[in-house]
Novice: 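Before we start, here is the structure in question, set down as structure tokens.
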Amino acid sequence: MTKKLYSALLTSFNADGTVNEKGTREIVRHNIDVNHVDGLYVGGSTGENFMLQTATKKRIFEIVKDEAGDDVDLIAQVGSIDLQEAKELANYVVNDLGYKTISAVTPFYYNFSFPEIKYYYDEIVKDVNANLIVYSIPALTGVSLSLDNFAKLFENPKIIGVKYTNADFFLLERLRNRFPDKKILFGTDEMLLPALSLGVDGAIGSTYNVNAARAKAEIEAFEAGNMQKALDIQHETNDLISAILGNGLYQTIKLLLQDMGVEAGYTKEPMHKPTPEMKTTASEIYAKFLK
Ligand code: HMN
């Protein structure tokens, strides 16, 4: 398999919202030992990062690096609309923990101008000896980058690619065509196959925590030129993803991991705890798709 598969790492939380270290280590191990993913995307949306305090973010980066070591590729998402926090986290993960690649979400909420966005990225990488992957997720941030915006960001040689969580396949094709040497990692699991056909370098997603086997089989079928098989797997995957989305995304992935014996814990408030109905449905999803 030449294309890479990364799980967007979940964080296990205790009922009171503190980090469940044992559970978080178990999620890391499950991804390495059972899912055999190529890497982990740490501190992203799936990690519930944007609801956390700086010290908690640091602790999670530390736990993951300690558990994973150099077994898989690690990408630390350090982006924040507090640029000072983003720089502090970048410095911490690279210099104190030894992460080699960082990522940063586009700064959101204030409708920053493009020159401000470019300044943000150049500042984050300026003082650290690491490469950066732009995290573009317009549906959650409201920030859409154009092809020319990407071209300007990519002028910085330390900015090596993009985690592209977007359904705009025209822009994806234009990016692939214009920047053959930049890494494009696709972030919308339910649309993996069309993204593979446009030449992405790999994928990062939440559902790979529980569905990596299918994703890898799909990528292998695609690389072998067996498009019908790849499509069949995507159909099956999307039956699973539809069921997960219909029941509550992160809560359900955590419940599914629990069915697999992983202490995935709770989501963080204000995300709600799973109801008895969600638990029942998650067990049904597990039995139908993952057992
Ligand atoms: C991350 O930042 O943690 C993720 O990589 C985000 C990732 O793109 C996921 N997006 C969200 O959770 C908003 C997808 O894996 C997504 O969960 C999946 O495609 C189901 O819709």
Side-chain angles (χ1 to χ4, degrees), residues 4-13 24 27-28 31 35 37-52 57 60-61 64 72-80 86 89 101-108 132-143 161-169 172 183-196 200-212 214-216 218-219 233-257 264 267-268 271 282 285 289:
K4 303 286 180 215
L5 189 71
Y6 291 74
S7 282
L9 195 71
L10 296 145
T11 310
S12 178
F13 292 102
T24 301
I27 300 173
V28 172
N31 273 298
N35 292 337
V37 292
D38 298 294
L40 299 173
Y41 189 78
V42 190
S45 315
T46 306
E48 301 173 56
N49 171 78
F50 302 108
M51 293 180 280
L52 304 179
K57 295 178 187 183
I60 292 166
F61 288 130
V64 176
V72 290
D73 194 21
L74 297 177
I75 303 175
Q77 195 298 120
V78 300
S80 163
L89 290 173
T101 311
I102 58 174
S103 179
V105 72
T106 49
F108 48 91
L132 181 142
I133 290 176
V134 173
Y135 179 12
S136 176
I137 180 162
L140 292 188
T141 58
V143 180
V162 56
K163 168 166 146 38
Y164 189 90
T165 304
N166 191 352
D168 185 339
F169 287 105
L172 178 58
K183 260 195 194 359
I184 304 180
L185 297 167
F186 190 69
T188 308
D189 315 0
E190 50 276 51
M191 302 177 200
L192 176 59
L193 186 55
L196 291 174
V200 297
D201 299 292
I204 300 174
S206 65
T207 64
Y208 306 133
N209 285 276
V210 292
N211 194 44
R214 276 197 191 87
K216 284 165 72 172
E218 178 175 325
I219 293 172
I233 299 171
Q234 186 73 64
H235 283 319
E236 210 174 63
T237 291
N238 286 0
D239 287 342
L240 167 63
I241 294 180
S242 298
I244 291 175
L245 291 173
N247 197 47
L249 177 61
Y250 303 131
Q251 288 94 340
T252 304
I253 297 178
K254 288 182 175 185
L255 289 168
L256 294 173
L257 280 170
T267 47
K268 190 153 169 24
M271 287 188 191
I285 295 172
F289 295 99

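Computed from a predicted model, the values in this text were never measured in an experiment. Counting convention: from 1, in listed order, for ligands and their atoms alike. Atom set for the values below is all heavy atoms of this structure, side chains included, hydrogens, waters and symmetry mates excluded.
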Novice: Could you give the distance from CG (L256) to CZ (F289), rounded to the nearest 0.5 Å?
Specialist: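 CZ of F289 is found 10.5 Å from CG of L256.
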Novice: Should you measure from each heavy atom of Y250, which atoms of ligand 1 turn up under 4.0 Å away?
Specialist: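 Per the distance check, 11 (C), 12 (O), 13 (C).
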Novice: Report the part of L249 in contact with ligand 1, treating N, CA, C, O as backbone and CB onward as side chain, heavy atoms under 4.0 Å; options are side chain, backbone, both, neither.
Specialist: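 Side chain only; the backbone of L249 stays clear of ligand 1.
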Novice: Go through ligand 1 atom by atom and flag the ones less than 4.0 Å from a non-hydrogen atom of A8.
Specialist: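 Near A8, the atoms of ligand 1 are 1 (C), 3 (O), 4 (C), 5 (O).
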Novice: For S206, take its heavy atoms, then give the atoms of ligand 1 lying under 4.0 Å from any of them.
Specialist: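 In order of numbering, the contacting atoms are 14 (C), 15 (O), 16 (C), 17 (O), 18 (C).
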Novice: Is it the side chain, the backbone, both or neither of T46 that has a heavy atom closer than 4.0 Å to ligand 1?
Specialist: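 Both of them.
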Novice: Could you check if a side-chain atom of Q77 sits within less than 4.5 angstrom of a side-chain atom of V105, using non-hydrogen atoms only?
Specialist: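 They are in contact (side-chain heavy atoms under 4.5 Å apart), so the answer is yes.
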Novice: Counting distance only, does the side-chain N/O of T11 pair as donor-acceptor with the main-chain N or O of G47 below 3.5 Å?
Specialist: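 Between the backbone of G47 and the side chain of T11 there is a qualifying donor-acceptor contact (under 3.5 Å).
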Novice: Check side chain to side chain contact (heavy atoms under 4.5 Å, CB included) between S45 and all other residues, then give those that pass, not counting sequence neighbours.
Specialist: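 Per chain and number, S45 pairs via side chain to side chain contact (heavy atoms under 4.5 Å, CB included) with F50, Y135, I137, L140, Y250.
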Novice: Only heavy atoms of T188, strictly under 4.0 Å: list the atoms of ligand 1 that pass.
Specialist: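 Within the 4.0 Å cut-off of T188, ligand 1 contributes 19 (O).
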Novice: Measure K163 to ligand 1 on non-hydrogen atoms and call it side chain, backbone, both or neither using the 4.0 Å cut-off.
Specialist: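 Within the 4.0 Å criterion, K163 contacts ligand 1 through side-chain atoms alone.
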Novice: Between L140 and ligand 1, which part of the residue brings a heavy atom under 4.0 Å of the ligand: side chain, backbone, both or neither?
Specialist: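 Answer for L140: side chain.
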Novice: About how many Å separate CD1 of I285 and CG of N247, when rounded to the nearest 0.5 Å?
Specialist: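 Atom-to-atom, N247:CG and I285:CD1 are 5.0 Å apart.
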Novice: Give, for atom OG of S136 and atom CG of L172, the distance between the pair rounded to the nearest 0.5 Å.
Specialist: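 With rounding to 0.5 Å, OG (S136) is 10.5 Å from CG (L172).
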Novice: In terms of residue, atom name and distance, what is the protein heavy atom nearest to atom 2 (O) of ligand 1?
Specialist: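 Among all protein heavy atoms, the one nearest atom 2 (O) of ligand 1 is Y135 OH, 2.5 Å.
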Novice: So which protein heavy atom does atom 18 (C) of ligand 1 come closest to, and at what separation?
Specialist: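 The closest heavy atom on the protein side is E190 OE1, 3.4 Å.
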Novice: If we ignore hydrogens and angles and just use 3.5 Å, is the side chain of N209 paired with the main-chain N or O of S7 as donor and acceptor?
Specialist: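 Such a contact is absent between N209 side chain and S7 backbone.
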Novice: Does Y6 have a heavy atom less than 4.0 Å from any atom of ligand 1?
Specialist: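 It does not, in that no heavy atom of Y6 comes within the 4.0 Å cut-off of ligand 1.
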Novice: Just verifying a value: how many Å separate L9 CG and I60 CD1, rounded to the nearest 0.5 Å?
Specialist: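 One gets 9.0 Å once the value is rounded to the nearest 0.5 Å.
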Novice: We want to know whether D73 and Y6 form a side-chain donor-acceptor pair, criterion being a heavy-atom distance below 3.5 angstrom.
Specialist: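 The answer is yes; a qualifying pair exists.
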Novice: My understanding is that only residues two or more places apart in sequence, or in another chain, count here; which of them pass ring pair (Phe, Tyr, Trp, His ring centres under 6.0 Å) with F13?
Specialist: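 None.
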Novice: Just jot down the ligand 1 atoms closer than 4.0 angstrom to any heavy atom of D189, in number order.
Specialist: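 Those atoms are 14 (C), 15 (O), 18 (C), 19 (O).
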Novice: Can you sort out which atoms of ligand 1 are near T165, meaning under 4.0 Å from one of its heavy atoms?
Specialist: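 What qualifies from ligand 1 is 8 (O).
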Novice: What is the nearest protein non-hydrogen atom to atom 8 (O) of ligand 1, stated with its residue, atom name and distance?
Specialist: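 Atom 8 (O) of ligand 1 sits closest to the protein heavy atom G187 O, 2.5 Å.
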Novice: Show the atoms of ligand 1 that are less than 4.0 angstrom away from any heavy atom in G205.
Specialist: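 So the atoms of ligand 1 that pass are 15 (O).
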